[in-house]
Colleague: 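Structure incoming, see below.
These numbers come from the heavy atoms of this one structure, side chains and all, not from hydrogens, waters or symmetry mates.
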Amino acid sequence: MYKVLILTKNILAEQQLQKQLQLLDYEVFCSKESFRNLKLLSITDFFPVIMLSETISNLEIEKFLPYIDQTNSLVVRLVMDEPNEEELRVWQELGVTGGLEKSLSFDGFREELVRLQNAFYKELHENKKLESPAIDKIENRTIETSAGRIYFSKKEERLFKMLLEAKGILIPRSDICAVLWSEGETDSNRSQLSCITTKIKNKFKAAGYQGDTIITKWGQGYGLNPDFYTYLSTDQAEESYPEFIRDHRKQDSMMI
């Protein structure tokens with residue numbers, strides 16, 4: 001269940017909104033004190049979506065918004081009617097991600113919220129990949145992840161770097177063998193490749209990563225699981241993303 005925080009001056013004014021969000025399977029928390037007391041604003045760190053009620057003025061938002069971490073939270077301005085260009089400009093200056101009209105139909109509200117989340121997480125994912133490319137994290141045959149520190153042998157490191165550079169695209173077994181061994185693909189080297197792959201998988205499992213890591217497809221080769229590559233390139237597991245976004249990303253990876 002995905003968490004939403006509504007900051008408001010009047011909790012009663014948000015009853016219909018809470019009901020709509022709950023019908024959409026969101027866990028909703030409504031607060032009228034958090035934005036008034038800066039010490040309480042730390043609660044916002046626990047909510048991926050933060051909604052700012054229309055009962056709060058832009059001037060008040062301007063005062064407390066800098067204390068909210070907008071890097072990992074989608075901040076949405078609630079309004080009664082469709083905003084004009086001037087209002088959109090003010091929101092942009094304040095740092096608000098987007099707006100959501102309370103007057104929308106249930107279907108319209110659902111689709112607009114999904115659109116805002118999808119755009120936010122897509123940008124977040126791309127920015128994190130640019131900030132911390134996985135290939136730069138390997139030093140002295142060691143890779144640091146939030147799951148723990150992984151140590152590689154020479155051939156394990158060479159194989160893992162190849163898979164990282166491929167960014168989820170499968171590499172033919174013959175190409176891998178040609179890089180790892182001067183004699184290329186032989187029965188012995190195919191067996192060793194399988195062994196090296198298993199060792200890498202086990203090392204990540206021992207470090208605490210429980211998902212699929214390296215995938216093998218008969219006749220196509222070896223590659224990194226798309227979710228695992230996301231985890232490595234952003235240091236964030238996709239389980240932290242909303243379910244509909246995880247499903248959409250999996251569909252995209254299957255089409256590539």
Colleague: What's the spacing between Arg158 CZ and Leu163 CG if we round to 0.5 Å?
Modeller: 13.5 Å

Colleague: Charged N to carboxylate O below 4.0 Å: is that the case for Glu14 and Lys102?
Modeller: yes

Colleague: Using the test side chain to side chain contact (heavy atoms under 4.5 Å, CB included), find all partners of Glu183 that sit at least two apart in sequence or belong to another chain.
Modeller: Trp181, Thr186, Asn189

Colleague: Does anything in residues 171-180 pair up under salt bridge (Lys or Arg N to Asp or Glu O under 4.0 Å), and if so which pairs, sequence neighbours excluded?
Modeller: Arg173-Glu185

Colleague: May I ask you to test the Ile6-Leu21 pair for a side-chain heavy-atom distance under 4.5 Å?
Modeller: yes

Colleague: According to salt bridge (Lys or Arg N to Asp or Glu O under 4.0 Å), who are the partners of Glu62, at least two apart in sequence or on a separate chain?
Modeller: none

Colleague: Could you state the interatomic distance from CD1 (Ile68) to OG1 (Thr44), rounded to the nearest 0.5 Å?
Modeller: 5.0 Å

Colleague: What residues, two or more places apart in sequence or in another chain, satisfy salt bridge (Lys or Arg N to Asp or Glu O under 4.0 Å) together with Arg77?
Modeller: none

Colleague: Could you tell me whether a side-chain N or O of Ser53 sits under 3.5 Å from a main-chain N or O of Ile56, the two making a donor and an acceptor?
Modeller: no

Colleague: What distance separates Ile196 CD1 from Glu157 CD, expressed to the nearest 0.5 Å?
Modeller: 12.5 Å

Colleague: Is there a side-chain contact between Leu159 and Thr197 (heavy atoms, below 4.5 Å)?
Modeller: yes

Colleague: Is it true that Ile11 and Met51 fall in one hydrophobic cluster, defined by side-chain heavy atoms closer than 4.5 Å?
Modeller: no

Colleague: With sequence neighbours excluded, tell me which residues meet ring-ring contact (aromatic ring centres under 6.0 Å, His included) with Phe109.
Modeller: none

Colleague: Just so I know, are the side chains of Val79 and Leu100 near enough to count as touching, which here means a heavy-atom distance under 4.5 Å?
Modeller: no

Colleague: Does the side chain of Leu7 come within less than 4.5 Å of Ile50's, by heavy atoms?
Modeller: yes

Colleague: For Ser57, enumerate each residue passing the side chain to side chain contact (heavy atoms under 4.5 Å, CB included) test, keeping only those at least two apart in sequence or located in another chain.
Modeller: Leu59, Glu60

Colleague: To the nearest 0.5 Å, how far apart are CG in Asn58 and NZ in Lys63?
Modeller: 12.5 Å

Colleague: Indicate if Tyr26 and Leu74 have the same hydrophobic cluster label, given that clusters are the connected sets of ILVMFWY residues with side-chain heavy-atom separations under 4.5 angstrom.
Modeller: yes

Colleague: If I take atom CG from residue Asn202 and atom CD1 from residue Ile150, how far apart are they, to the nearest 0.5 angstrom?
Modeller: 11.0 Å

Colleague: With a 4.5 Å heavy-atom cut-off, do Phe120 and Leu116 have their side chains touching?
Modeller: no

Colleague: CD of Glu112 to CD of Gln117: how many Å apart, nearest 0.5 Å?
Modeller: 11.0 Å

Colleague: Please tabulate, for the side chains in residues 28-37, all donor-acceptor contacts under 3.5 angstrom to protein atoms that are two or more places apart in sequence or on a different chain.
Modeller:
| from | atom 1 | to | atom 2 | distance (Å) |
| --- | --- | --- | --- | --- |
| Ser31 | OG | Glu33 | N | 3.3 |
| Ser31 | OG | Ser34 | N | 3.1 |
| Ser31 | OG | Ser34 | OG | 2.7 |
| Arg36 | NH1 | Lys32 | O | 2.7 |
| Asn37 | OD1 | Lys39 | N | 3.0 |

Colleague: Report whether Leu88 and Val96 are members of the same hydrophobic cluster (ILVMFWY, side-chain heavy atoms less than 4.5 Å apart, transitive linking).
Modeller: yes

Colleague: So do Val4 and Glu27 actually touch side chain to side chain, heavy atoms under 4.5 Å?
Modeller: no

Colleague: Just by modelled atom types, is the Asn84 backbone N or O under 3.5 Å from a matching donor or acceptor in the Glu87 side chain?
Modeller: yes

Colleague: With no hydrogens and no angle check, is any side-chain donor or acceptor of Ser73 less than 3.5 Å from a backbone partner on Val49?
Modeller: no

Colleague: Heavy atoms only: give me the nearest Leu180-Lys155 pair and the separation to one decimal.
Modeller: O-CE, 3.4 Å

Colleague: So, using side chain to side chain contact (heavy atoms under 4.5 Å, CB included) as the criterion, who are the partners of Lys154 when residues are at least two apart?
Modeller: Arg141

Colleague: Determine whether Met80 and Leu52 fall in the same hydrophobic cluster, where Ile, Leu, Val, Met, Phe, Trp and Tyr are linked whenever their side-chain heavy atoms lie under 4.5 Å apart.
Modeller: no

Colleague: Given Phe152 and Thr142, is the side chain to side chain contact (heavy atoms under 4.5 Å, CB included) satisfied, shown in steps?
Modeller: CA-CA 6 Å; Phe152 296 119; Thr142 303; over 6 Å; no

Colleague: Identify all side-chain donor-acceptor contacts of residues 214-226 below 3.5 Å with residues at least two apart in sequence or on another chain.
Modeller:
| from | atom 1 | to | atom 2 | distance (Å) |
| --- | --- | --- | --- | --- |
| Asn225 | OD1 | Asp227 | N | 2.9 |
| Asn225 | OD1 | Phe228 | N | 3.4 |

Colleague: Can you find a pair of side-chain heavy atoms, one from Tyr2 and one from Phe47, that are under 4.5 Å apart?
Modeller: no

Colleague: Can you list everything that forms a side chain to side chain contact (heavy atoms under 4.5 Å, CB included) with Ser191? Sequence neighbours excluded, please.
Modeller: none

Colleague: Does anything in residues 193-209 pair up under salt bridge (Lys or Arg N to Asp or Glu O under 4.0 Å), and if so which pairs, sequence neighbours excluded?
Modeller: Glu156-Lys203

Colleague: Any heavy-atom pair between the side chains of Ile200 and Thr213 that's under 4.5 Å?
Modeller: no

Colleague: Give a yes or no on whether Leu5 and Tyr67 share a hydrophobic cluster (residues Ile, Leu, Val, Met, Phe, Trp, Tyr; joining criterion: side-chain heavy atoms under 4.5 Å apart).
Modeller: yes

Colleague: For Phe106, look at atom CZ and say whether over 12 heavy atoms of other residues, nucleotides or ligands are found less than 6.0 Å away.
Modeller: yes

Colleague: For Arg89, which residues count as a salt bridge (Lys or Arg N to Asp or Glu O under 4.0 Å) partner, sequence neighbours excluded?
Modeller: Glu86, Glu93

